[in-house]
Amino acid sequence: MANKGLQLLGFTLSLLGLIGLIVGTILPQWKMSAYVGDNIITAIAMYQGLWMSCAFQSTGQMQCKVYDSILQLDSSLQATRALMIVGILLTVAGLGVASMGMKCTNCGGDDKVKKSRIAMTGGIVLIVGALCSIVACGWFTNQIVRDFYNPFTPVNTKYEFGAAIFIAWAGAFLDIMGGGMLAASCPKGKSSPRYPKSSRPPSSSKEYV
């Protein structure tokens with residue numbers, strides 16, 4: 001059986017990972033304007049996220065605008081949105097399932113093997129949710145790199161990585177670690193002896209007259 005402390009550590013890491021995924025998804029700093037080229041205007045910094053774009057001025061003011069239409073967005077941004085939402089929902093579901101199978105909870109009955117299987121299922125769901133988030137972050141990162149090194153991209157429209165994408169990466173990897181610890185709750189079957197001892201006393205082959 002898995003150690004109770006290992007399950008608790010895995011649940012804590014997955015919970016922190018969920019917070020990281022939610023914060024990273026909400027923040028608009030998925031990519032920020034890159035200061036390349038000769039003519040650089042540093043008075044305004046442009047940020048773009050999954051839901052809005054923001055302009056940060058040197059005076060400290062920030063103005064954000066939510067994207068008007070989903071159909072106007074490119075396919076990479078729409079796919080990243082969908083995968084991040086799916087990853088968050090699966091992480092929430094995995095945490096709920098894992099909490100019923102942990103040894104420190106009273107849910108799921110008193111059967112230790114059953115509770116271990118429930119915790120293992122929750123860990124697998126967490127890993128799947130984390131993989132969805134990793135694919136989303138990787139897809140968005142690849143798009144930023146391709147646009148940056150594309151010679152046909154105007155200099156003033158090139159972007160580099162923002163802080164939000166690193167938070168989302170960290171949350172996904174925390175989910176992977178926590179889900180792996182919870183998935184280690186796989187129950188081990190009890191080994192039964194091949195030749196069980198017979199309770200019947202041995203019979204004598206001699207006959208008494």
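In this text the structure is predicted, and so the values were computed from the model without any measurement.
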Nearest non-hydrogen partners of A172 and I134, listed with the distance: CB-CG1, 3.6 Å

4.5 Å side-chain heavy-atom contact, W51 and I26: no

Main-chain N/O of M100 paired to K115 side chain as donor or acceptor, under 3.5 Å: yes

Side-chain donor or acceptor of W30 paired with backbone N/O of G24 under 3.5 Å: yes

Minimal non-hydrogen separation, C137 against W169, with atom names: CB-CE2, 3.5 Å

Close side-chain approach of S133 to M84, heavy-atom, < 4.5 Å: yes

Residue pairs involving residues 87-97 (criterion side chain to side chain donor-acceptor pair (under 3.5 Å); sequence neighbours excluded): T91-D175

Check: M52 main-chain N/O paired with Y67 side-chain donor or acceptor under 3.5 Å: yes

Selection residues 48-95 - residue pairs positive for disulfide bond (SG atoms under 2.5 Å apart), sequence neighbours left out: C54-C64

pair V97-V125: side-chain heavy atoms closer than 4.5 Å: no

Spacing of L126 atom CG and L131 atom CG [to the nearest 0.5 Å]: 11.0 Å

Salt bridge (Lys or Arg N to Asp or Glu O under 4.0 Å) involving D68 - partner list, sequence neighbours excluded: K65

Pairwise side-chain contact, M120 with L182, heavy-atom cut-off 4.5 Å (strictly under): no

